[in-house]
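Below is one structure, written out as C-alpha cells; the observations come after it.
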Amino acid sequence: MSVFSRISSINTWLSDLSRNSNKSRFALMNDLLQLRRTKAVSRNEYANFRLYDRDEAFRNTFLPYADAEKYWEILNPRVHACLARDKFLAHCLLEAVGIPVPRLIAYYDPESASSTDLIGHSYENISDILRKKSVSTFVVKPSRDSAHGNGVVVCRELIDKNGKLVMRKLDGTEVPVRQILQSEPLLFEETVCQTKQISSLNESSLNTVRIMTALYPDSSVRIIAAFIKIGRHGSDVDNAGDGGNVDCGVDIETGELFNPLQFNSWRDIRKIDSHPDSNTRLTGFAIANWPLIVERVKYFQGLLPQLKVIGWDVAITDNGPVIIEINNWWDTTGQEFIGRGWAPEVKHCYDVWLKDGKRH
C-alpha cells in the first residue's frame, strides 16, 4: 500500500470513528498513538473494544494481540503449539492422557496413504466407516486451526439417498457427505449431551464455557478467566467472536454469570439480562457443580505441561466436563465478555517462566 493510500485509509477510519464516538479526530488519534506506544494496541482493537470510552481499569489491563505474541513465545512456543492447533493431534493427545473428549468417529485426510476403521482419505472410506458404525448424529469440523464455528457442520440425521449419504441439519437443509470432503482434513465426532441446566440457556446449540488456565513452574495452576458462549435459537454452534450469539463472564469463584451481552457484531453489542430467545435469566445464573468443573480443568492443565496457558472449551455434561477443544492462542474477544483485560495474569505467568528459564 502506498503512503497516500495509507493516509487515505487512516483518514477514513478516523472519520468513521469520530462520527460513531462523538469525539474529535485529533483526540482519537492522540489517544491511539499513546496506547500504541504503551501497549501496542492496533487500530482495530482500539475501535472494536471502544478503548476511547473505557475506564482506566480496562485500558490498563487490556492485552492486545501484539503483546500476546511476545508472551506466547515463552508460554506456548511454536514447537508445541501444533498440539492444540491441529484438532486431530489434540484429540489423540487428550485421549491418551485421560482427558474426556467426544468420541472420534472418523478422521478424513485426503493425503493419507491408507485407510483404517478410523481414518479415511476418500468418500468411499468415510461412508464405509459411517455405515459400519451406524451413526446418525455427529459433528464435522476442520482439523486445522479455525475459529468462530467456521466450517462446522452438525448432522442431526444421516440419511441414505440412492446409495449416497446425506447429512440433514437442524434447519432441515441437506448436505451430501461427499460435498464436504475436499482438500482439508476433517474430524467426525459424536455429539455431546449437555446438562439440562446448560441446555435451558439455548437448547439448539452446545453452549461451552471457555476456561483459561495458567501453569506455573511449581506445577500449580491458576484460573485466569472464564466466560460462556451461548448460541441463538436454531443455531448449531455458540460462535463467539464473529457475532450472532450471547456471551457472559463466569465468576471463577462461584460459577455465576455476569455481564451478559448480545454480541451481534463489533458495532452492535447490547447489554442484556436474559437470553433473547429462551428468556432464561442470565445475570446471577449459577453453573451447577462449578468448583468440581474448575478443579478438573486445573487437573487437565497439569497433564499438558508443554502448553503453559490453555483456553479450554468445556461442555458441561451429567458426567462432568468434556473438552471440545483446547486453544493455545486465545483471541482477545473474551476481554469484552468479562469486562476487563487479562494482561496482568498472562504477563505474571510469562515473567515467572522467563525467570525460571534464566535460572536454569
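Numbers for residues simply follow the sequence, beginning at 1.
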Taking NZ, NE, NH1 and NH2 as the nitrogens, is one of them in [X] or [Y] under 4.0 Å from a carboxylate oxygen of the other?
X: R54; Y: E336; answer: yes
X: E124; Y: R178; answer: yes
X: D128; Y: R131; answer: no
X: D67; Y: K347; answer: no

Heavy-atom donor-acceptor pair, [X] side chain to [Y] backbone, under 3.5 Å:
X: Q262; Y: D268; answer: no
X: N60; Y: E56; answer: yes
X: D313; Y: T208; answer: no
X: Q335; Y: T332; answer: yes
X: Q301; Y: L307; answer: yes
X: S143; Y: F88; answer: yes
X: T61; Y: R340; answer: no
X: S204; Y: S235; answer: yes
X: N327; Y: G311; answer: yes
X: N30; Y: F26; answer: no

- Message: Would you say that more than 12 heavy atoms from the other residues, nucleotides or ligands in this model lie under 6.0 Å from the CD of E203, or not?
- Response: no
- Message: Counting only heavy atoms not in R103 (residues, nucleotides, ligands), do more than 12 fall under 6.0 Å from its CZ?
- Response: yes
Cluster check [X], [Y]: I/L/V/M/F/W/Y, side chain < 4.5 angstrom:
X: I310; Y: V209; value: yes
X: L63; Y: Y65; value: yes
X: W312; Y: V101; value: yes
X: V135; Y: L206; value: no
X: M29; Y: L51; value: yes

Taking the side chain as every heavy atom from C-beta outward, state whether [X] and [Y] have any pair of such atoms under 4.5 Å apart.
X: N259; Y: F227; value: no
X: C155; Y: V140; value: no
X: V152; Y: K141; value: yes
X: I211; Y: F300; value: no
X: R267; Y: N20; value: yes
X: I252; Y: V294; value: no
X: V297; Y: T213; value: yes
X: K23; Y: D31; value: no

- Task: Walk me through it: do N11 and S8 pass the test side-chain hydrogen bond (donor to acceptor under 3.5 Å, both in side chains)?
- Result: CA-CA 5 Å; N11 279 332; S8 177; over 6 Å; no
Check [X] against [Y] and note the closest heavy-atom contact, atom names and distance.
X: F58; Y: D55; value: N-OD1, 2.9 Å
X: A225; Y: W342; value: CB-CE3, 4.1 Å
X: A288; Y: I293; value: O-CD1, 3.6 Å
X: R232; Y: N264; value: NH1-OD1, 4.2 Å
X: I105; Y: K133; value: O-NZ, 2.7 Å
X: N207; Y: G231; value: OD1-N, 3.2 Å

- Are Q197 and N289 close enough, and set up right, to give a side chain to side chain contact (heavy atoms under 4.5 Å, CB included), and what steps lead you there? CA-CA 11 Å; Q197 185 204 30; N289 301 314; over 6 Å; no
From [atom1] ([X]) to [atom2] ([Y]), nearest 0.5 Å:
X: L170; Y: H233; atom1: CG; atom2: NE2; result: 8.0 Å
X: E256; Y: L282; atom1: CD; atom2: CG; result: 12.5 Å
X: L130; Y: D160; atom1: CG; atom2: CG; result: 11.5 Å
X: M212; Y: I338; atom1: CE; atom2: CD1; result: 6.5 Å
X: K308; Y: W353; atom1: NZ; atom2: CH2; result: 4.5 Å
X: I230; Y: L257; atom1: CD1; atom2: CG; result: 6.5 Å

- Query: Does R222 count as lying over the ring of Y216, i.e. NZ or CZ under 6.0 Å from the six-ring centre, within 45 degrees of the axis?
  - Reply: yes
- Message: Run V153 and L186 through side chain to side chain contact (heavy atoms under 4.5 Å, CB included) and show every step you take.
- Response: CA-CA 11 Å; V153 177; L186 299 171; over 6 Å; no
- Message: So, using ring-ring contact (aromatic ring centres under 6.0 Å, His included) as the criterion, who are the partners of Y71 when residues are at least two apart?
- Response: Y350
- Message: Test side chain to side chain contact (heavy atoms under 4.5 Å, CB included) on Y299 and V221; report intermediate values, then the result.
- Response: CA-CA 8 Å; Y299 170 72; V221 177; over 6 Å; no
- Query: In terms of the angle between their ring planes, are W266 and F263 parallel, tilted or perpendicular, with boundaries placed at 30° and 60°?
  - Reply: perpendicular
- Message: Looking only at side-chain N and O atoms, does S274 offer a donor or acceptor that is under 3.5 Å from a partner on N279?
- Response: no
- Have S42 and N44 got a donor and an acceptor in their side chains that come within less than 3.5 Å? no
- Task: Please determine which of F337, F285, W290 meets the side-chain contact (heavy atoms from CB on, under 4.5 Å) test together with V250.
- Result: W290
- Task: Could you tell me whether Y52 and Y46 have their ring centroids closer than 6.0 angstrom?
- Result: yes
- Item | Audit row: T317, N319, side-chain hydrogen bond (donor to acceptor under 3.5 Å, both in side chains) steps and yes/no | CA-CA 5 Å; T317 76; N319 296 319; 4.9 Å; no
- Mind running side chain to side chain contact (heavy atoms under 4.5 Å, CB included) on R25 and L17 for me, showing each step along the way? CA-CA 8 Å; R25 290 156 50 96; L17 194 60; over 6 Å; no
